[in-house]
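First the structure, in the form of C-alpha cells, and then the observations on it.
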Amino acid sequence: MLKPSFEYLKDFEFKSGDVLEELKMEYASFGTARKDAHGNITNGVLFIHGSSGDYGSVKRFKPIMGPGKAIDTDKYFIICTTSLGSGGSSKPSNSGLGADFPRYTVKDMVNAQYHLLNEKLNIKHLKGVVGTSMGGFQSLEWAVRHPDFMDFIVPIVTGPSVKGRNLLMSELCNSIIQKDPDYQRGRYIHNPEDALEKVNKLEFLFVFSDSYYHHEFSDNAELLHAFNEQGIEGRKMDANDVVWRNDAAISYNLEPELSKIKAKTLIIGIEEDNFFPPELDAIPLSKAIDNSELVLYKSKLGHLGINEVEKMETPIENFLSQF
C-alpha cells in the first residue's frame, strides 16, 4: 500500500502574483531509482492523476505497472504527486485560508511539481510524464513549459483546452455551488452539501458512455441507487476546493503553444469519452504535436475507461521500449 510523503515549498508564487508562505506537496514514489554522480535521479517518471484523484490514483495502473510490466518499475522510478488543490496538497479547505487561498491555474499546478522535483527530490530531468484527464492537462503543460525536462509524455483521455461540454459543465457546477445560500461567497460556515450533491450527480450523467446507463444496471432501482450514491459522495467534498479546481480547468488552453513540445508523445483516447471526444481532442492534438503517436480504444465506461488499463498495455509497452 502506498504511503504519502510531504514536502514544503517556501514562498511559492502563483501566476496571479499571490505568494503562499508554505505550499504543502503530497506525493509517493516507488520503483528503482538510478542516480548520476551528483546524486540526481535520472530515471524518474511522473504520474499525475485526474481532477478527483490524488497520489493513490496510480493504483488503477497496477495491472500494467510493476517489475517487468509495460511500465517497468525495474527500469523506472515512479513519482506520484497529488496536484496543488487536491488531496493532501495545499488547497482552500486544508490551508486555513478558505476563500483567501490563491486562485491557481494548471501552470501553477505544474510549477509546484517542478519545484518539488527539482529542489526536493533531486530530479533535474525526467524520463517522462504520464497524466490522465486533468493530469493530462498537466503533462502537456509540462512539455510546453519545460520542453527539455523530459524524454516523453503520455497524455491520456485529455485535450489541449477546455471547450464545449467540458467548459459548460465546469461553469454550471460552479454556478450551482456559488448560488447556494450556504456558500456565502466562499466564506461559508456550513459546507453547501446540497449543491455539492447536485454537482456530483450532474457529472455522473456524462462520465460513462451512453449505453452504460441502459445496460449495466439490472433495473431502474439499481440505476437510481447508483445515482443517489454519487450524490452522497458529493456531500463529502469541499465547495471551495471544487470551485477553485474548476476555475483552473476553465482557464486552461495550450492550443497556441503545442508547437513548443519536443518530447515524444503517446496520446491515448477513448472513443466513447463524452468529456474528451477523440475527434475533438485526441485526434487534433496528435496532428498538432510533432513526433506523436495516437491510440484510441473502445470502452462502455466512457471517460472512466481509463480503469480498463489493460487496453493500453501493448501500446504503452511498445512506446516505452524506445526509452
Checklist entry - Going through the checks in order, is the salt bridge (charged side-chain N to carboxylate O under 4.0 Å, His left out) test met by Glu257 and Arg145? => result CA-CA 9 Å; Glu257 301 183 85; Arg145 303 300 164 207; 2.9 Å; yes
Next on the checklist: Is it the case that the side chain of Glu229 and the backbone of His225 share a donor-acceptor pair, with hydrogens and angles ignored and the cut-off at 3.5 Å?
Outcome noted: no
Checklist entry - Taking only residues two or more places apart in sequence or in another chain, which ones pass side-chain hydrogen bond (donor to acceptor under 3.5 Å, both in side chains) with Ser93? => result Asp241
Checklist entry - Quick one: does Gln230's side chain have a donor or acceptor within less than 3.5 Å of a partner on Ala226's backbone? => result no
Checklist entry - Does Lys127 make a cation-pi contact with Tyr76, if we ask for NZ or CZ under 6.0 Å from the ring centre and within 45° of the axis? => result no
Checklist entry - Is it the case that more than 12 heavy atoms not belonging to Asn220 sit under 6.0 Å from its CG atom? => result no
Checklist entry - Salt-bridged, Lys201 to Glu233, with N to O below 4.0 Å? => result no
Checklist entry - Of the non-hydrogen atoms in Leu266 and Pro315, which two are nearest, and what is the gap between them? => result CD2-O, 3.9 Å
Checklist entry - Going through the distances and angles, do Arg187 and Asp100 end up as a salt bridge (charged side-chain N to carboxylate O under 4.0 Å, His left out)? => result CA-CA 9 Å; Arg187 302 186 183 280; Asp100 293 322; 2.7 Å; yes
Checklist entry - Is there side-chain contact between His49 and Val58, with at least one heavy-atom pair below 4.5 Å? => result no
Next on the checklist: Among residues at least two apart in sequence or on other chains, which ones pass salt bridge (Lys or Arg N to Asp or Glu O under 4.0 Å) with Lys10?
Outcome noted: Glu22
Item to check | From Asn191 atom CG to Tyr183 atom OH, the distance as rounded to the nearest 0.5 Å | outcome: 10.0 Å
Checklist entry - Counting only heavy atoms not in Lys163, do more than 12 fall under 6.0 Å of its NZ? => result no
Next on the checklist: Could you check, using the six-membered ring where one of them is a Trp, whether Phe208 and His303 have ring centers closer than 6.0 angstrom?
Outcome noted: no
Item to check | Rounded distance (nearest 0.5 Å) linking atom CD1 of Ile64 with atom CG of Asp72 | outcome: 12.0 Å
Checklist entry - Are Gln138 and Ser83 close enough that a side-chain donor and a side-chain acceptor fall under 3.5 Å? => result yes
Next on the checklist: Counting C-beta onward and ignoring hydrogens, is there a side-chain heavy-atom pair between Leu46 and Trp142 closer than 4.5 Å?
Outcome noted: yes
Checklist entry - When you check the gap from the basic side-chain N to the acidic O, do Asp180 and Lys198 get nearer than 4.0 Å? => result no
Checklist entry - For the ring pair Phe137 and Tyr252, is the centre-to-centre distance below 6.0 Å? => result yes
Next on the checklist: What I'd like to find out is whether the side chain of Phe14 reaches to under 4.5 Å of the side chain of Leu84, using heavy atoms alone.
Outcome noted: yes
Checklist entry - Quick one: are the ring centres of Tyr27 and Phe6 less than 6.0 Å apart? => result no
Checklist outcome for this item: Rounded to the nearest 0.5 angstrom, the OH-CG distance for Tyr104 and Leu23 is 11.0 Å
Item to check | With sequence neighbours excluded, residues passing ring pair (Phe, Tyr, Trp, His ring centres under 6.0 Å) with Phe77 | outcome: none
Checklist entry - Between Tyr213 and Phe204, does the ring centroid distance fall short of 6.0 Å? => result yes
Next on the checklist: Strictly by salt bridge (charged side-chain N to carboxylate O under 4.0 Å, His left out), give each pair with a member in residues 308-320 just once, sequence neighbours left out.
Outcome noted: Glu308-Lys311
Side-chain donor/acceptor pairs under 3.5 Å, residues 146-157, sequence neighbours excluded:
from	atom 1	to	atom 2	distance (Å)
Asp148	OD1	Lys262	NZ	3.2
Asp151	OD1	His125	NE2	3.0

Checklist entry - Are more than 12 heavy atoms from other residues, nucleotides or ligands located less than 6.0 Å from atom CG of Asn318? => result yes
Item to check | Contacts of type salt bridge (Lys or Arg N to Asp or Glu O under 4.0 Å), residue Lys59, not counting sequence neighbours | outcome: none
Checklist entry - To the nearest 0.5 Å, how far apart are CD in Glu197 and CD1 in Ile232? => result 7.5 Å
Checklist outcome for this item: Shortest non-hydrogen pair, Ser133 vs Thr158, comes out as O-OG1, 2.8 Å
Item to check | Ile79 with Phe61, same ILVMFWY side-chain cluster at under 4.5 Å | outcome: no
Checklist entry - What's the spacing between Ile78 CD1 and Thr73 OG1 if we round to 0.5 Å? => result 7.0 Å
Item to check | Over all atoms of both residues, closest heavy-atom pair of Ser299 and Glu272 | outcome: N-OE1, 2.8 Å
Checklist entry - Any salt bridge between Asp238 and Lys91, counting N to O under 4.0 Å? => result no
Checklist entry - For Lys300, does its backbone N or O pair with a side-chain atom of Ser209 as donor and acceptor, under 3.5 Å? => result yes
